[in-house]
Amino acid sequence: MTFWLFKSEVATWSWDQQVAKGDAGEEWDGVRNYQARNHMRAMKPGDLGFFYHSQKEKEIVGIIEVIAESHPDSTTDDDRWDCVDIKAVRALPRPVTLAMCKDDPRLADMVLVNNTRLSVQPVTPEEWTIILELAGDKG
DNA sequence: GCCAACGTTGGC
DNA sequence: GCCAACGTTGGC
């Protein structure tokens with residue numbers, strides 16, 4: 001089991017839209033960054049991830065599950081770009097803001113804090129647990 | 001709205 | 001293969 005974090009602007013693809021897709025989920029398309037793509041290629045069905053709203057909200061709002069391995073991105077003919085499918089698992093009881101992550105010394109090395117521009121990134125098991133704690137999520 | 005960080009492109 | 005120019009992301 002590996003943990004991840006997916007970033008999206010609310011205007012582009014929001015948590016509510018993800019939830020509306022239900023268990024069918026949706027492909028995480030549109031990624032045009034090699035690092036982000038490589039992370040998606042490393043994902044396995046059953047992996048869990050956080051759903052983060054960038055720009056305005058700047059907070060982790062929910063948990064998603066990877067439901068399909070990486071496959072060609074249907075929004076482009078360029079075969080360099082792959083994506084996975086994800087579905088919403090549950091919303092966090094309270095969102096965890098970027099500011100909260102920055103304020104917690106245990107999260108000082110988190111990619112979210114240190115590489116603001118990477119839209120798909122790994123999360124360590126320790127970070128995963130800490131964020132669930134900050135969110136008041138009991139699993 | 002600005003700007004820092006960083007990734008990509010393309011000329012050489 | 002280097003690097004300058006440019007474009008984009010996203011926090012502030």
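Since we're looking at a predicted model, the values are computed, not measured. First the proteins, then the strands, lettered A, B, ... as listed; each starts at 1.
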> What is the per-nucleotide protein-contact pattern of nucleotides 6-12 of chain C, from the 5' end, where B denotes a base atom under 4.0 Å from a protein heavy atom, S denotes such proximity for sugar-phosphate atoms only, and - denotes neither?
-BBBBSS

> In sequence, state the C-alpha distance, the side-chain angles, and the governing distance for A/Phe51 and A/Ile60, and then conclude on side chain to side chain contact (heavy atoms under 4.5 Å, CB included).
CA-CA 6 Å; A/Phe51 192 109; A/Ile60 298 167; over 6 Å; no

> Name all residues meeting the side-chain hydrogen bond (donor to acceptor under 3.5 Å, both in side chains) criterion together with A/Glu65; count only those two or more places apart in sequence or in a different chain, and write none if there are none.
none

> Taking atom types as modelled, find out whether A/Asp73 and A/Thr75 have a side-chain donor-acceptor pair closer than 3.5 angstrom.
yes

> Within the 4.5 Å heavy-atom criterion, are A/Met43 and A/Ser70 side-chain neighbours or not?
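Sidechains of A/Ser70 and A/Met43: no contact.
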
> Hey, is A/Asp82 close enough to A/Arg37 for a salt bridge, meaning N to O under 4.0 Å?
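A/Arg37 and A/Asp82: not salt-bridged.
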
> Are A/Arg32 and A/Asp78 close enough for a salt bridge, meaning some N to O gap below 4.0 Å?
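A/Asp78 and A/Arg32: not salt-bridged.
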
> End-to-end bend of the helix from B/dG1-C/dC12 to B/dC12-C/dG1 (five-pair axes, 10° rounding)?
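End-to-end axis angle: 10°.
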
> Only one of A/Leu48, A/Ile64, A/Ile67 forms a side-chain contact (heavy atoms from CB on, under 4.5 Å) with A/Ile86, so which one is it?
A/Ile64

